[in-house]
Undergrad: 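Please see the structure below; I have some questions.
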Amino acid sequence: MKEVIKTTNPHGHKDYLEIIYLEQGAGIHQIDYNRFPVKPHSLYLVMPGQIHSWELTEIPKGFVVMIQQDFLLDHPLYDVLFQTFPLPFPSGFHLENVHETFSGLFRSIDLEYTKSEPNYEAVIQTYLLLLFNLLKREMNAGQLLTYPPLLKRFFAALDVEFRLNHETKFYAEVLNTTSKTLNSACKKFLGKTAGAVINEKVTSASKKQLLYSSKNLTELAFELGFADLSHFNKFFKRQTGVLPGVYRKGIS
């Protein structure tokens, strides 16, 4: 990590994810609509397409690992880490109780990359697999539960219908249940309402379109189920903190 105090504009990356582990520092790290305090032994995951920005008030010290998708092709982590919805891991962790283990892991990865001895890439992949298995330990029990059939069917319905239907009631009817039951399942297993899940799906799809499509914003708004560009702008800014046009320009 560059050891400078900085404030950055919201930005992101199309084809790689970042793992940031700080041993020192203070300030705020914004990832999408989440604001995380920067403090020693914090780890942040910035997935492809997410936007983030820094408001640092102390010099940070730590590590940044940037992983291109090609590096993990045919690896067990590929489908997990490059899944855009639902996100497989939280964006922020505080690892004070296990900081020696994580500090050692990042130093080992750094050493392997620096020395680049034979088979070093496979060794780094092994360290990464260990890293994410250790992060699973730090997640609460609810985040580790297998999704029940109702939620799996909800995700499947979202994949098909999200462009035209943004309402919880619609999906409850498709799933032959009630909005209350669907909301209860989402709150229990995801910690959020069904409406919030729908919004995250639409936001995820919006980001993908903004990154990879050359269509103008009005066309994208219509394709994503919004009556006009104004409604799309308001929705996207409420979800991410920036307008879709700014997001499109800010992603490298």
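Every heavy atom of this structure was used, including side-chain atoms; hydrogens, water molecules and symmetry mates were not.
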Undergrad: Please check this pair: side chain of Asn119 against backbone of Ala122, looking for a donor-acceptor N/O pair closer than 3.5 Å.
TA: no

Undergrad: Just by distance, do the side chain of Arg248 and the backbone of Leu210 share a donor-acceptor pair under 3.5 Å?
TA: yes

Undergrad: Provide the closest heavy-atom pair for Thr7 versus Glu55 in the form atom of the first, atom of the second, distance.
TA: OG1-CA, 4.1 Å

Undergrad: Over 60° means perpendicular and under 30° means parallel, so tell me whether Tyr44 and Trp54 are parallel, tilted or perpendicular.
TA: perpendicular

Undergrad: Supply the atom-to-atom distance Ser53 OG to Asn9 CG, rounded to the nearest 0.5 angstrom.
TA: 8.0 Å

Undergrad: Please report the shortest heavy-atom distance between Leu131 and Leu105, naming the atom on each side.
TA: CA-CD1, 3.9 Å

Undergrad: Before accepting this row, confirm whether a basic side-chain N of the pair Lys115/Glu117 lies closer than 4.0 Å to the acidic partner's carboxylate O.
TA: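 Yes, Lys115 and Glu117 are salt-bridged.
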
Undergrad: Are Phe102 and His41 near enough that their ring centres are under 6.0 Å apart?
TA: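 Here the rings of His41 and Phe102 have centres that are no less than 6.0 Å from each other.
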
Undergrad: Quick check: closest heavy atoms across Ile5 and Leu56, and the distance to 0.1 Å?
TA: CG2-O, 3.1 Å

Undergrad: Give the minimum heavy-atom separation between Leu224 and Ser206, together with the two atoms involved.
TA: CD1-OG, 3.4 Å

Undergrad: Nearest 0.5 Å, what's the CG-NZ distance between Leu182 and Lys187?
TA: 11.0 Å

Undergrad: Can you label the angle between the Tyr21 ring and the Phe106 ring as parallel, tilted or perpendicular, going by 30° and 60°?
TA: parallel

